[in-house]
Amino acid sequence: QVQLVESGGGLVQAGDSLRLSCAASGLTFSMYTMAWFRQAPGKEREFVAFISRSGGPTYYTDSVKGRFTISRDNAKNMVYLQMNSLKPEDTAVYYCAADKTGGDYDFWGQGTQVTVSS
């Protein structure tokens, strides 16, 4: 069965950095585009970053451009989100997701909490 397991969240201060990791199993990882989403309390889940199957094209929501970097290691079935210059508004549960067909995301992780204090 497919599993996506996020890790690396925590409580940090504004301006700090965190690196989130997502370990994938039970799927042919290189055939999936990967993405990070986040959901803050009382808000809808929002897209954060996307990476193509090969790790080439990447896309980011405007609010994280220049601060966050998504990457992947297909040999290790891992996707990462390096988050720098964190802001309190980045506080959310962060989820990784996998998509094979270009439609809705097929698989989701359980999420990891990121809390940024001011």
Side-chain angles (χ1 to χ4, degrees):
Q1 99 227 31
V2 176
Q3 280 193 310
L4 300 177
V5 180
E6 302 96 335
S7 61
L11 172 63
V12 297
Q13 293 187 331
D16 285 350
S17 297
L18 276 176
R19 187 194 195 206
L20 304 184
S21 299
C22 174
S25 60
L27 75 171
T28 306
F29 185 69
S30 61
M31 295 182 68
Y32 288 77
T33 61
M34 299 297 295
W36 287 94
F37 290 77
R38 65 186 180 187
Q39 187 167 21
K43 296 187 176 181
E44 292 189 353
R45 185 169 58 195
E46 67 168 346
F47 166 80
V48 176
F50 161 95
I51 189 164
S52 66
R53 293 172 179 83
S54 66
T58 56
Y59 302 100
Y60 300 90
T61 192
D62 286 346
S63 62
V64 308
K65 284 180 182 176
R67 300 189 298 123
F68 290 13
T69 303
I70 188 171
S71 61
R72 68 190 293 164
D73 185 336
N74 285 349
K76 295 182 178 179
N77 287 9
M78 297 289 295
V79 62
Y80 306 99
L81 187 67
Q82 177 67 42
M83 305 187 296
N84 298 330
S85 302
L86 282 161
K87 303 175 180 180
E89 50 264 45
D90 294 319
T91 294
V93 177
Y94 284 72
Y95 301 89
C96 69
D99 172 38
K100 186 175 182 181
T101 61
D104 292 339
Y105 281 84
D106 302 295
F107 304 106
W108 294 82
Q110 84 291 344
T112 186
Q113 176 71 48
V114 172
T115 303
V116 185
S117 63
S118 56

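No experiment lies behind these values; they were computed from the predicted model shown.
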message = Within this structure, what is the CG-OG1 distance for the pair Leu18 and Thr112, rounded to the nearest 0.5 Å?
response = 8.5 Å

inquiry  = With rounding to the nearest 0.5 angstrom, report the CG to CG distance, Asp104 to Asp99.
reply    = 8.0 Å

task = Could you grab the distance from atom OG1 of Thr33 to atom CD1 of Ile51, nearest 0.5 Å is fine?
result = 10.0 Å

inquiry  = Assess whether a salt bridge exists between Asp62 and Lys65, defined as any Lys/Arg side-chain N lying under 4.0 Å from an Asp/Glu carboxylate O.
reply    = yes

ask   = Phe107, Val79: one ILVMFWY side-chain cluster at the under-4.5 Å cut-off?
value = yes

key: Any Val93 side-chain heavy atom under 4.5 Å of Tyr95 side chain   = yes

inquiry  = I want to check something: taking the side chain as every heavy atom from C-beta on, are Asn74 and Arg72 in contact at a cut-off of under 4.5 Å?
reply    = yes

task = Please answer whether the main-chain N or O of Gln39 pairs with a side-chain N or O of Arg45 as donor and acceptor at a distance below 3.5 Å.
result = no

message = Measuring only between side-chain heavy atoms, which start at C-beta, is Phe29 closer than 4.5 Å to Met34?
response = yes

ask   = If we only count heavy atoms from C-beta on, is the Trp36 to Glu6 side-chain gap below 4.5 Å?
value = yes

request  = Take the angle between the ring planes of Tyr105 and Phe37 and call it parallel below 30°, perpendicular above 60°, tilted in between.
outcome  = perpendicular

message = Contact between Val116 and Asp16 at the side-chain level, heavy atoms closer than 4.5 Å - yes or no?
response = no

ask   = Just by distance, do the side chain of Thr28 and the backbone of Ser30 share a donor-acceptor pair under 3.5 Å?
value = no

ask   = Is the distance between the ring centroids of Tyr59 and Phe47 under 6.0 Å?
value = no

task = Could you list all the disulfide (SG to SG under 2.5 Å) pairs where at least one residue sits in residues 46-118, not counting sequence neighbours?
result = Cys22-Cys96

ask   = Heavy-atom distance under 4.5 Å between the side chains of Tyr60 and Val48, does that happen here?
value = no

key: Backbone of Lys100 reached by a side-chain donor or acceptor of Asp106 within 3.5 Å   = yes

Ser7 OG to Met78 CE distance, which is reported to the nearest 0.5 Å = 6.0 Å

ask   = Between Tyr32 and Leu27, is any pair of side-chain heavy atoms under 4.5 Å apart?
value = yes

ask   = Has Arg19 got its NZ or CZ under 6.0 Å from the middle of the six-membered ring of Tyr80, at an angle within 45 degrees of the ring axis?
value = yes

message = I need the Arg38 CZ to Glu46 CD distance, nearest 0.5 Å.
response = 4.5 Å

query = Are Thr91 and Glu89 close enough that a side-chain donor and a side-chain acceptor fall under 3.5 Å?
reply = no

message = Membership question, hydrophobic clusters at under 4.5 Å side-chain separation (ILVMFWY): are Val12 and Val64 in the same one?
response = yes

query = Are the side chains of Phe50 and Thr58 in touch, meaning some heavy atoms are under 4.5 Å apart?
reply = no

request  = Identify the heavy atoms of Met83 and Val114 that sit nearest to each other, and give their distance.
outcome  = CE-CG2, 3.8 Å

